[in-house]
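Beneath this line is the structure, given in structure tokens, with notes to follow.
Throughout, a chain's letter reflects where its sequence line sits, starting with A, and its residues are numbered from 1.
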Amino acid sequence: MLDVRAIREQPKKIKERLRARGDNYDEIVDRIVALDERRRQILVEVEDLKHRRNVVSKQVGMMLKEGKDAVALREEMRSVGEQINRLDTELRQVEEGLEQAMLLLPNLPHGSVPIGEDEKDNVVVRTWKEPKDFDFEPKPHWELGERLGVIDFSRGAKLSGSRFYGLRGFGAALERALINFMLNLHTRNHGYTEVFFPFLVKPHCPLGTGQLPKFGGEMYYCERDDLWLIPTAEVSVTNLHRDEILNADDLPLKYVSYSACFRREAGAAGKDIKGVIRVHQFNKVELVKITEAEKSYEELEGMVQDASRVAELLGLPHRITLLCTGDLGFASAKTYDIEVWMPGEKRWREVSSCSNCEDFQARRMNLRYRPQQGAKPRYAHTLNGSGLAVGRTLAAVLENYQQPDGSIVIPEVLRPYLDGMEKFPIT
RNA sequence: GGAGGGAUGGCCGAGCGGUCCAAGGCGACGGCCUGCUAAGCCGUGGCGGGAUUGAAGUCUCGCCCCCGGGUUCGAAUCCCGGUCCCUCCGCCA
């Protein structure tokens, strides 16, 4: 959520900055300005009436105690009470409308974000290890996975439909090894605290992180219990401290969490239909930081480092891209993607997206910190990033480590998690 | 799923229609006092609006006793709806 005061004072500037995202929010901004104006008008009026009622009511109490008659005053206050009721009702409606409009505005892109339309305008910041040449034709992971009997697409679909898959044997073990490797790296070497919270959350959580109200169609929803399945652990973990005032000395909070992620992929019909790239349920290790306002960009760089370190240690060629304004997520002010090279597909695939949401989510969830003892609370900054998406990383390992005979060499860092296995199948 | 109990300031805890701008205690912070420490004394909540100022600030009003409605001249207190927590029973990995 943006600052209403900023919108009130500089609506033109806000409109302009939002336009960089490629959509026009002028109408919503205008609506906000009008409703905010009306809201403050009503406040002045109704607060004045309430003041009178308070004063007179006290007087009535005293008169009654002294045995005097207060019928005239009570009569007058009854009509004042009715006016207050009327204004309060209107105020509620105005505030409701204002809130709803505010929730529809995305975050403002940071000044360092390149202006652009879509992914073609993203900027490659750096590349780690150029894609290596194969002296044979590398296969895509779905072929490798099926041939080796470690990814089971057809039975995934049998149970749950399209865009669901299963793992067997070495595949399942590799998935588990990747999760443990990532969690250990981030907790032991990067200073994150591991947490594990429910996959089902109440509506205020996705509202706080920005998936709702606009993107409800992308999530699974359990109507009977009014619970949403998280599309990423960002939703549960960022909300951990909602409605709290944190101590600046305790910041930054750095969390890492494994979770399953659930996405309806409603608008993706026919896209990425092969393999494990775009599915309804996948595993992810997520990084979340809650920081002081001044430090969030520094922390964003650190988070990208922490996430890309996973790809490095796995020996996966990858590159970091800075998303342009048109490709930025709803809640984000600045985002870096990490993309690994898929030799079988001969293209880069996103395995992480690291975003600084500044105070956008913090406002929605009323997450604050006190800069110094006695100082006024400020909204915290929140960051999130994958560290990494596990299913896609597994696919990348299969594709990058495939041998001419179709076997897979296991990256060294994963061997301790797989009983020292060096190759699959063991020949 | 059934029955019952509860939610008050950082914490404990009183309050049952009008001196509640919430008693009292504990803690934290600031100040006074003081060889030092302790004790003692004084002060210190959040959100929003308005006025004033170049700004920090100051003044002022409203709201906040879980949340939302209602009754009343007046609600922490009464009524209705909801959320969460606890206890017992049932079911259960």
Side-chain angles (χ1 to χ4, degrees), chain A residues 1-10 32-103 196-208 212 221-228 236 239-251 260 293 359 362-380:
Chain A
M1 195 147 62
L2 304 180
D3 185 0
V4 203
R5 212 166 304 181
I7 296 176
R8 180 194 306 156
E9 283 162 12
Q10 304 195 289
I32 288 168
V33 171
L35 287 169
D36 175 60
E37 173 74 25
R38 180 64 191 139
R39 174 180 153 271
R40 285 178 304 137
Q41 275 176 6
I42 297 172
L43 268 177
V44 171
E45 207 176 327
V46 79
E47 287 188 356
D48 192 55
L49 288 172
K50 282 180 179 173
H51 179 53
R52 264 191 70 207
R53 180 174 69 180
N54 286 346
V55 172
V56 175
S57 289
K58 200 159 274 184
Q59 203 180 328
V60 169
M62 264 148 47
M63 287 170 76
L64 291 179
K65 199 164 270 181
E66 291 163 16
K68 289 186 196 158
D69 164 70
V71 176
L73 280 180
R74 287 173 65 165
E75 204 50 48
E76 192 196 336
M77 282 308 104
R78 191 197 302 276
S79 85
V80 169
E82 277 163 15
Q83 278 186 67
I84 289 173
N85 260 332
R86 213 173 324 115
L87 287 170
D88 268 344
T89 304
E90 192 192 343
L91 182 64
R92 268 201 301 279
Q93 285 165 355
V94 168
E95 284 184 332
E96 174 70 17
L98 183 62
E99 170 88 359
Q100 275 178 7
M102 288 297 289
L103 289 173
F196 186 77
F197 281 89
F199 297 168
L200 286 160
V201 294
K202 299 212 254 184
H204 68 242
C205 293
L207 210 66
L212 290 180
Y221 174 58
C222 305
E223 193 174 5
R224 280 196 298 182
D225 302 293
D226 196 20
L227 291 168
W228 296 81
S236 46
N239 274 285
L240 285 177
H241 296 285
R242 64 163 35 244
D243 293 317
E244 290 185 26
I245 299 176
L246 303 168
N247 198 327
D249 296 339
D250 299 332
L251 303 181
D359 63 6
R363 282 179 194 281
R364 289 173 165 243
M365 61 179 77
N366 193 28
L367 164 59
R368 294 169 298 170
Y369 70 101
R370 214 179 283 284
Q372 282 112 34
Q373 178 108 55
K376 280 190 78 166
R378 278 184 82 177
Y379 288 110

>> A:Arg38 and side-chain hydrogen bond (donor to acceptor under 3.5 Å, both in side chains): which single residue from A:Gln93, A:Glu95, A:Glu90 fits?
In response: A:Glu90
Scan every strand shown for a Watson-Crick or G-U wobble partner of [N], both distances under 3.5 Å, and answer none if you come up empty.
N: B:G9; result: none
N: B:U58; result: B:A51
N: B:A38; result: none
N: B:U19; result: none
N: B:G68; result: B:C80
N: B:C88; result: B:G2

Whole-Å [atom1] distance, [N] and [M]:
N: B:G40; M: B:G24; atom1: P; result: 16 Å
N: B:A22; M: B:G81; atom1: P; result: 31 Å
N: B:A51; M: B:U44; atom1: C1'; result: 25 Å
N: B:G90; M: B:G74; atom1: C1'; result: 47 Å
N: B:G6; M: B:C80; atom1: P; result: 15 Å
N: B:C88; M: B:G30; atom1: C1'; result: 49 Å
N: B:U77; M: B:A3; atom1: P; result: 26 Å
N: B:C11; M: B:A28; atom1: P; result: 15 Å

Between [N] atom [atom2] and [X] atom [atom1], what is the distance in whole Å?
X: A:Lys50; N: B:G74; atom1: NZ; atom2: P; result: 12 Å
X: A:Met62; N: B:C73; atom1: CE; atom2: P; result: 19 Å
X: A:Ile42; N: B:G49; atom1: CD1; atom2: C1'; result: 13 Å
X: A:Glu47; N: B:C64; atom1: CD; atom2: C1'; result: 13 Å
X: A:Arg39; N: B:G62; atom1: CZ; atom2: C1'; result: 12 Å
X: A:Arg53; N: B:U71; atom1: CZ; atom2: C1'; result: 13 Å
X: A:His204; N: B:C84; atom1: NE2; atom2: C1'; result: 11 Å
X: A:Asp226; N: B:U83; atom1: CG; atom2: C1'; result: 12 Å

Please check the phosphate of [N] (OP1 and OP2 only) for any side-chain N or O of [X] closer than 4.0 Å.
X: A:Arg363; N: B:C47; value: no
X: A:Lys202; N: B:U83; value: no
X: A:His51; N: B:C61; value: no
X: A:Arg40; N: B:G50; value: yes

With sugar-phosphate meaning primed atoms plus P, OP1 and OP2, does [X] contact a base, only sugar-phosphate, or nothing at under 4.0 Å between heavy atoms?
X: A:Leu64; answer: base
X: A:Val60; answer: base
X: A:Arg38; answer: nothing
X: A:Leu73; answer: nothing
X: A:Asp48; answer: nothing
X: A:Arg92; answer: sugar-phosphate

Let's see if you can work this out: which of [options] has an atom nearest to the side-chain heavy atoms of [X]?
X: A:Arg370; options: B:G46, B:C61, B:G18; value: B:G46
X: A:Pro377; options: B:G74, B:C84, B:G46; value: B:G46
X: A:Asn54; options: B:C63, B:G49, B:C47; value: B:C63

Could you tell me whether the side chains of [X] and [Y] share a donor-acceptor contact shorter than 3.5 Å?
X: A:Tyr221; Y: A:Asp226; result: yes
X: A:Glu96; Y: A:Gln100; result: yes
X: A:Gln83; Y: A:Arg86; result: no

> Ion pair present between A:Arg52 and A:Asp48, side-chain N to carboxylate O less than 4.0 angstrom?
Replying inline: no
> Can you name the nearest heavy-atom pair linking A:His204 to A:Asn239, along with the distance?
Replying inline: O-OD1, 4.1 Å
> Counting only N and O atoms by type, is there a donor-acceptor contact under 3.5 Å from the side chain of A:Asp3 to the main-chain atoms of A:Arg5?
Replying inline: yes
>> Using a 3.5 Å distance criterion without hydrogens, assess whether the side chain of A:Arg378 forms a donor-acceptor pair with backbone atoms of A:Arg368.
In response: no
> Between A:Val44 and A:Asn85, which has a closest nucleotide on RNA chain B that is more 5'?
Replying inline: A:Val44
